[in-house]
Amino acid sequence: MIAAIPASGGRGVLAPLDGTGPPVEVADLVAAIASREARDAPRWVWPSTAELYPRLLERGLRVERCYDMELAEAILLGVEGRWGEPRSLASAAARLHGEPVPPDPPPRSSIDAEATLFTVETPVPSLATLLAVYEHQRARCAAAPSPGRLNTLIAAESAGALVAAEMGRVGLPWRADVHRALLLDLLGEPSPMGGPPRKLIELADRINDAFGSTTRIHPDSPAEVLRAFERLGITLANTRAWELRRIDHPVVPILIEYKELARIWSAHGWSWLDQWVKDGRFRPEYIPGGVVSGRWATRGGGALQIPKVVRKAVVADPGWTLVVADAGQLEPRVLAAVSGDRRLASAAAAGDLYAALASEAFGGDRSRAKVALLGAMYGQTGGQAVPALAALRRFYPLAWDYVEQAARTGETGGLVHTWLGRTCPPASVTFIASGYEEGGSRSRARGRFTRNFVIQGTAAEWALVLLARLRAALVGTAAELVFFQHDEVVVHCPAGDAQLVIEAVHRAGDEARRLLFGETPVRFPLDVSVVECYADAK
DNA sequence: AGTTTCATATGG
DNA sequence: CTCGCCATATGAAACT
């Protein structure tokens, strides 16, 4: 373990943490890390991967392992019920010494556009500060209920941060020409000044004809659309596609087509392409642990919501291929593993968990089995799922109790945690974001949140470990990790390496299962496809 | 005029 | 009274 502390002007300090030598000041921190990495690839302890690692990558250096103090701090604060407090090394040090805690700096990308005048240089921490905070973190971790699991989580989160930086740099292969052809096909010619393309204008005309009113309505305006239907004697609660589909009127299919195309145009049209795709790659910024449950978030480009049709533009380089691996039915499998419900676990030993569930407890009705299980994990209490939920409760009492317990803990003001120990934020943090619900409804909403947190968060951990193991397995190959979306990973590799990558993915999934759950009958099967184009996966 | 919220879409 | 989780992004509508 070696601490790497960046200082100004590219300089820094390297300090072995195991007493194998004195700290050394270096003029070129990146070069110093490179030479040590080549020697024995230690685990690097540094303040922030997001801050430092891009500088290493820029100079062609990758490292094997790290300990990200900022991510560790965020996890530990959560465990201590202090979710949301500043997580930077500077703030951790201030807390440790009882000094005023500085707020975290705003995210880089939002400030680098403007306000460069005000850029606050990240203060250079002293070696003593880093060591003190690191030791304190180790002690807090050791004092946690399950130190081993928490250590695993911090290691996985740190490895994830390495992947995130690498993936953001390498980018997802993106054929702008294919994307443009797709847009032309769907939307027609773009208008020169960035206005709506031909087909949207035509559809808007046809919508107005179908409404037959004298004043022209704008289909993008829900209020105007509602009024137009009102004039026809049709009252709608909203203009959502599923609501529109329930009424029988010639304008409906045109309106739905308009909405679909308008969405593509505004969210993934020409301006998106110009803004986000450079040199044949789409490079979003990934944010490990950016979602409360531990899932990743992204900043910019909507990388985690790429519509299926637009995935046609994701094409492997010539002679290369995409290996797309998707963990099927991940969350119910996680529930089977964490709850210790042997009956559910034996269903989760099957390739199709819902089918196994159906034949055991739902008279072979797979879709009923599915809504029951999803309903239990999301806290559904009404609708058609009710009788199915009763069957679920009867047949799988331990799994049922697991999510019920999480819900009750949340409803009564408690905190829940994932399998590896990531802790949910307290209600005081989340309800601010989720609106003004009153009384009992608020506590039930809180229960649904904590109920789902334990499952979604543990699923995120499994996926994170898979990602980390896969990254390790691909070291020294040409293959590059290019995309990660909750339970799905995409590897871009020379066509001849596809078989090797497939095997590596399966091994990584297996290692993730064992690292989290040890010997469990629950399987976590991966659907793997080898495709030239992302849209052809599955 | 600039900022915040709402409505609706996308993804898991 | 109502009742399904986690997100991001856009444009319209509402607000300051």
Side-chain angles (χ1 to χ4, degrees), chain A residues 196 200 217-226 236-244 255-256 258-269 271-272 275-276 284-287 289-311 326-332 334-335 370-386 389 403 406-407 410-411 416 418 424-425 430 433-460 463 483-489 534:
Chain A
L200 279 184
I217 71 134
H218 186 199
D220 285 315
S221 161
E224 288 182 28
V225 171
L226 288 182
L236 285 169
N238 56 56
T239 66
R240 293 195 169 138
W242 60 266
E243 185 80 18
L244 292 174
L255 196 50
I256 288 173
Y258 177 92
K259 287 162 87 77
E260 284 170 358
L261 294 181
R263 168 81 193 169
I264 304 269
W265 174 58
S266 66
H268 292 275
S271 54
W272 181 91
Q275 186 180 358
W276 292 105
E285 182 184 0
Y286 296 93
I287 304 169
V291 176
V292 292
S293 63
R295 282 180 168 185
W296 286 15
T298 58
R299 199 156 34 220
L304 301 182
Q305 298 92 232
I306 303 168
K308 297 261 164 70
V309 283
V310 177
R311 296 179 185 188
D326 181 292
Q329 308 169 337
L330 179 55
E331 295 193 351
V334 162
L335 174 58
K370 184 173 174 177
V371 298
L373 203 42
L374 292 175
M377 290 189 298
Y378 291 158
Q380 190 170 359
T381 56
Q384 299 176 321
V386 173
L389 283 166
V403 288
E411 283 169 6
V416 296
T418 60
C424 72
T430 48
S434 61
Y436 329 82
E437 285 175 285
E438 291 297 322
S441 127
R442 187 157 85 197
S443 101
R444 275 191 294 279
R446 175 71 182 171
R448 287 195 300 276
F449 168 70
T450 53
R451 171 194 295 268
N452 188 250
F453 181 92
V454 297
I455 303 299
Q456 188 185 113
T458 303
F483 195 55
F484 174 57
Q485 180 173 236
H486 309 315
D487 60 359
E488 184 181 2
V489 58
Y534 188 22

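Please read these numbers as outputs of a predicted model, since none were measured by experiment. Numbers restart at 1 for each chain; the letters A, B, ... are given by sequence-line order, proteins then strands.
- Note on A:K308: every side-chain N or O is 4.0 Å or more away from OP1 and OP2 of B:dA9.
- Using a 4.0 Å heavy-atom cutoff across all strands shown, A:A385 reaches no nucleic acid atom at all.
- Computed from coordinates, the A:F484 CZ to C:dA7 P distance equals 16 Å when rounded to whole Å.
- The listed nucleotides are C:dA7, C:dC1, C:dT10; the one nearest the side chain of A:R444 is C:dC1.
- Residue-level contact check: A:G290 touches neither bases nor backbone, having no heavy atom under 4.0 Å from any strand.
- Taking atom CD1 of A:I264 as the reference point, atom P of B:dA9 lies 13 Å away to the nearest angstrom.
- A:L330 comes within 4.0 angstrom of no nucleic acid atom, judged by non-hydrogen atoms across all strands.
- Note on A:R448: a side-chain N or O is less than 4.0 Å away from OP1 or OP2 of C:dC5.
- Residue A:K259 contributes atom NZ, which lies 13 Å from atom C1' of C:dT10 at whole-angstrom precision.
- Side-chain atoms of A:P222 lie closest to B:dA7 of the nucleotides C:dT8, B:dA7, B:dA9.
- Both A:G302 and A:S293 sit near DNA chain C, but only A:S293 has its closest nucleotide nearer the 5' end.
- Checking B:dG12, C:dA13, C:dG4 against the side-chain heavy atoms of A:L374 singles out C:dG4 as nearest.
- No donor-acceptor pair closer than 3.5 Å links the side chain of A:T458 to the backbone N or O of A:I455.
- Residue A:H218 places at least one side-chain N or O closer than 4.0 Å to OP1 or OP2 of C:dA12.
- When heavy atoms are screened at a 4.0 angstrom cut-off, A:Q456 is found touching base atoms of the nucleic acid.
- Minimum interatomic distance between A:G379 and A:R448 (heavy atoms only, all atoms of both residues): O-CD, 3.6 Å.
- With hydrogens and angles ignored, the 3.5 Å screen pairs no side-chain donor or acceptor of A:W296 with any backbone N or O of A:Q485.
- At a threshold of 4.0 angstrom between heavy atoms, the contacts of A:G383 with the nucleic acid are absent.
- Taking atom CZ of A:R446 as the reference point, atom P of C:dC5 lies 13 Å away to the nearest angstrom.
- For the pair A:I306 CD1 and C:dA9 C1', the interatomic distance rounds to 13 Å; values are reported in whole Å.
- Ranking C:dC3, B:dG12, B:dA9 by closeness to the A:R240 side chain, first place goes to B:dA9.
- When the side-chain nitrogen and oxygen atoms of A:T298 are compared with OP1 and OP2 of C:dA7, none of them lie within a distance under 4.0 Å.
- When each of C:dA13, B:dG11, C:dC6 is scored by its nearest atom to the side-chain atoms of A:F449, the top-ranked nucleotide is C:dC6.
- At whole-Å resolution of the value, CH2 in A:W265 and P in B:dA9 are 17 Å apart.
- Across all non-hydrogen atoms, the minimal contact from A:G301 to A:W272 is O-NE1, 3.0 Å.
- Phosphate contact (OP1/OP2 of B:dT8, side-chain N/O of A:T239, threshold under 4.0 Å): present.
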What do the steps show when you test A:T239 against A:L255 for side-chain contact (heavy atoms from CB on, under 4.5 Å), and what is the final call? CA-CA 10 Å; A:T239 66; A:L255 196 50; over 6 Å; no
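- Atom pair A:R299:CZ and C:dA7:C1' shows a separation of 15 Å (rounding to whole Å applied).
- Between the CD atom of A:Q380 and the C1' atom of C:dC6 there is a distance of 16 Å, rounded to whole Å.
- Relative to the side chain of A:A241, the nucleotides B:dA9, C:dA12, B:dG12 differ in distance, and B:dA9 lies closest.
- In this structure, A:R295 contributes its side chain and A:A459 its backbone to no donor-acceptor pair below 3.5 Å.
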